[in-house]
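Only this structure's heavy atoms are used, side chains among them; waters, hydrogens and symmetry mates stay out.
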Amino acid sequence: MGRAIPFGNRMVLFPPRAANHFRVIPDRLREPALTTNSDEKPGTAPAHSDQHQQLLEIIGLGEFSARKSYYPELQQKIKELRESEARFRDFADAAADWFWEMGPDLCFSYISGRNEEIMGVAPESVIGLDRRQLYQNDHDLESPHWKQHLQTLEAHQPFTDFEIHWLRPDGEERYISVSGKPRFDDAGNFLGYRGVGRDITDRYRTEQALRLARKSDAMFRNLVENISGAAYRCLLDDCRTMHYISQGIQEITGYSTDDFVGNRIRSYASIIHPDDVERVDYEVRTAISFNRPYLLEYRIVHAEGGVRWIWERGRACDEDQSQPRHLEGVLADITEQKQTEQALRRAQKMDAVGQLTGGIAHDFNNILGIIIGNLDLLERSVDGDEKVQRRVETIRKSAQRATDLTRKLLGFSRQQSGEAVATNINQLMHGMHSLIARTVTPQVEVECQFAEDLWPTKVDPGDFEDALLNLVINAHDAMPYGGHLFLNTHNCTLDSDICSRNPDIPSGEYIRLTVRDNGRGIPAEQHERIFEPFFTTKAQGKGTGLGLAMVFGFIKRSSGYIKLESEPDRGTTFHIYLPRANATEGSHTPAGAKIDDSQRGHETILLVDDEQDLLELARESLLSLGYRVLTAQDGHEALKLINAEPGIDLMCSDVVMPGGINGYQLADRASAMRPNLKLLLVSGYTEKIITQRSHATPAIQLLSKPYTQTELACQVRMLLD
């Protein structure tokens, strides 16, 4: 350890004389004025002051004090000290770091010139300042980080790499790292600190960027792992060799990421559906050739054996190369979306066809009404002529067949009016047992299992019977050589888990009707079409293709759902789900007795219909029964007659008419004008909007087209009485 000796008002530390360390000499002592006493004899050593003698001892020349001639050696030592000090200062000023020194008061006593370049502060302005004064612009000065450092200084402990956030006078931010070591004299007295400072701005910013990158990478990975799909990076090769694929791939495919990465067990390309492989490869390479992203929808074979639909978006990377080598993108399972879209397309298609068939049936009903009405009149005029009557009866039977066909069309179109009531379908099926047995013939064994305490469901009983009979007939036709027909009813609750796999069915309580046969079955490619009107799996001329369409229409009107299970030679099963109804919603009761059609009348009746032939036919028929008849071809004309003719007792109007006023709207306005006016509406085609009739309108009787003139007369007489 060196010695600290006071020279003037400075303390200078000198190392042991044997050590080769830097030495600092006060300026006034660097060239001591060595004089010779005139009284001394030549060759003898001059008398020295105590201070000079002390200096000689410190710098290692004490032995020269006894010598007569020591000046040349002293001069050489002083020269070496000067060179050593200059070397130290040059190193300090040229170093990438800078050096500093603090006194026992913890104020800076020395700092090298490099400090000014980094901190923007001249060294002389730093001398005499403590750390609080120097770093007062650091906004973290009162932070635990700084408080601990100041405690270290006050405890005279060494410190390493203390980081300081420094704001230069020109506003530039710097980050500085300082290290220091305390100094003590031989007696252990604290003399201050010596240390180094280092500019770590670049390192700090690099570390910050790395930390941010790591954080961003972690956030990206968390985001990727939490998305419902999967992200990937793979080679642009035939196998799509995966470099990376996220954990979501397991939920999509049933295989783990380890299976795909590096094609350890299988390649991703190997699970693409064989029918889609060529198309997928073509679309990817086409998109790459045009330097655009690719969007794909294709099927894969799941680990459990099922087929899933995949949506994929990606693009080629390594664009800086002439030939891209990698693909990056995302995958998502869109199976449920595809099922929903298919169900929606089917519903839209059926609605469109329903609109078409409903419109056709409406016009066809008018034609049939004219035919049947004229047959009624013709039959009266040929009474007694058996030959003509037989021909009239033949025509009537054909017209009735056409009426039944029209009713099926209207049933499919879901626009036929009917009364839905809370019904126990077990009771309906018991009542149909003999009819079912006769329909399927003795070659087919019929087994029924009906649930006890079956919940009621709100249906039109007649529609239900027609739908069930159509399913039974189809089952019979699928078993031409005999077989087994199974009918089953069951209460069931469909929860959200089941409904998530069947997106077209909402959760809730249902009655399930199962109709199963062990006949020929239906190929899978025909499952999508069997409910379409006029589509049939039967041989040409063996079916109209309207049976299952009518079943579909009935189920939709009843807010129900139908599911098909069928394979060739393994039979067919239909599951029909009908929502549970409250028992208080009404119950099915048999129709009332038929009114005597021979009654006549004299009241005034207003007939309203845009079909001129039907209007004239009904007018002639009612006139023949003694009624006074007025006619109108639209709602506006009818309202004028009601206003002009106070004696009108009953208005009989078609529902669907041109001119902006339909039958229900006309009934509302007519009732407002004549509260006691009797109302009879006629239609075989009613749109949903016009079934929402006003609550202010009195009860309205409905007569379905096509009708006979006898049915018209009965309805009129019943209302007037």
CZ/R240 to CG/L327 distance, rounded to the nearest 0.5 angstrom? 6.0 Å
Salt-bridge contact E172-R174 (side-chain N to carboxylate O under 4.0 Å): yes
Interatomic spacing from CD1 in I176 to CZ in R198 - rounded to 0.5 Å: 12.5 Å
H145 and H165, any side-chain heavy atoms less than 4.5 Å apart: no
Could you check whether any side-chain heavy atom of S109 comes within less than 4.5 Å of a side-chain heavy atom of M102, counting everything from C-beta outward? no
Which of L331, L295, I334 passes side chain to side chain contact (heavy atoms under 4.5 Å, CB included) with E312? It is L331
With the side chain counted from C-beta on, respond yes when K181 and R194 share a heavy-atom pair under 4.5 Å apart, and no when they do not. no
Rounded to the nearest 0.5 Å, what separates atom CD in Q250 from atom OG in S256? 6.0 Å
Minimum side-chain heavy-atom gap E328-R315 below 4.5 Å: no
How long is the gap from OG on S177 to CD1 on I164, to the nearest 0.5 Å? 8.0 Å
Worked verdict on R299 versus I310 for side chain to side chain contact (heavy atoms under 4.5 Å, CB included): CA-CA 6 Å; R299 294 163 294 174; I310 302 300; over 6 Å; no
Are a donor atom and an acceptor atom from the side chains of D199 and T201 found within less than 3.5 Å of each other? yes
Looking at T335 and W309, would you say the former's side chain and the latter's main chain have a donor-acceptor pair under 3.5 Å? yes
Look only at the side chain of D130 and the backbone of L106, and say whether a donor-acceptor pair between them is shorter than 3.5 Å. no
Check for a donor-acceptor pair, side chain of T286 on one end and backbone N or O of Y282 on the other, with a separation under 3.5 Å. yes
Evaluate the side-chain proximity of W166 to Y175: yes if any heavy-atom separation is below 4.5 Å, no if none is. no
Look at E297 together with K338 and state whether they make a salt bridge at an N to O cut-off of under 4.0 Å. yes
Looking only at non-hydrogen atoms, find the nearest pair between A230 and G248 and report the distance. CB-C, 3.9 Å
Any donor and acceptor pair, going by atom type alone, linking the side chain of T206 with main-chain N or O of D202 inside 3.5 Å? yes
Note: Y193 and G180 closest approach over all heavy atoms is CD2-C, 4.0 Å
Sole candidate of R279, H273, E283 that passes side chain to side chain contact (heavy atoms under 4.5 Å, CB included) when paired with Y298: R279
Measure the OG-CG distance between S270 and D238 for me, rounded to the nearest 0.5 Å. 12.5 Å
With a 4.5 Å limit on heavy-atom distance, are the side chains of Y268 and I300 in contact? yes
When you compare the side chain of M242 with that of Y232, does any pair of heavy atoms fall below 4.5 Å? yes
May I ask you to say whether E251 pairs ionically with R308, meaning some side-chain N is under 4.0 Å from a carboxylate O? no
Closest non-hydrogen atoms of Y561 and S559, given as atom of the first, atom of the second and distance, are CE1-O, 3.7 Å
Y577 and Y510 have their tightest heavy-atom pair at CB-CD2, 3.8 Å
Hey, is CD on E207 packed in by over 12 heavy atoms from elsewhere, all under 6.0 Å? yes
Between L191 and H156, is a side chain to side chain contact (heavy atoms under 4.5 Å, CB included) present by the stated rule, with each step listed? CA-CA 10 Å; L191 301 178; H156 305 159; over 6 Å; no
Within a 6.0 Å radius of atom CD on E525, are there more than 12 heavy atoms belonging to other residues, nucleotides or ligands? yes
Hey, what do you get for CD1 (I249) to CZ (F260), rounding to the nearest 0.5 Å? 5.5 Å
State, without any angle test, whether D237 and T241 hold a side-chain donor-acceptor pair at a distance under 3.5 Å. yes
Do F162 and W146 come close enough that some side-chain heavy atom pair is under 4.5 Å? yes
Tell me, with the steps shown, if V178 and F159 meet side chain to side chain contact (heavy atoms under 4.5 Å, CB included). CA-CA 8 Å; V178 293; F159 59 91; 3.9 Å; yes
For the student: nearest non-hydrogen atoms of T160 and S179, plus distance: CA-OG, 3.5 Å
Under the rule for salt bridge (charged side-chain N to carboxylate O under 4.0 Å, His left out), what residues qualify as partners of D281, not counting sequence neighbours? R285
Which atom pair, heavy atoms only, marks the closest approach of S267 to C239? CB-O, 3.3 Å
For D105, look at atom CG and say whether over 12 heavy atoms of other residues, nucleotides or ligands are found less than 6.0 Å away. yes
Trace of the side chain to side chain contact (heavy atoms under 4.5 Å, CB included) decision for L296 with W311: CA-CA 6 Å; L296 308 172; W311 175 89; over 6 Å; no
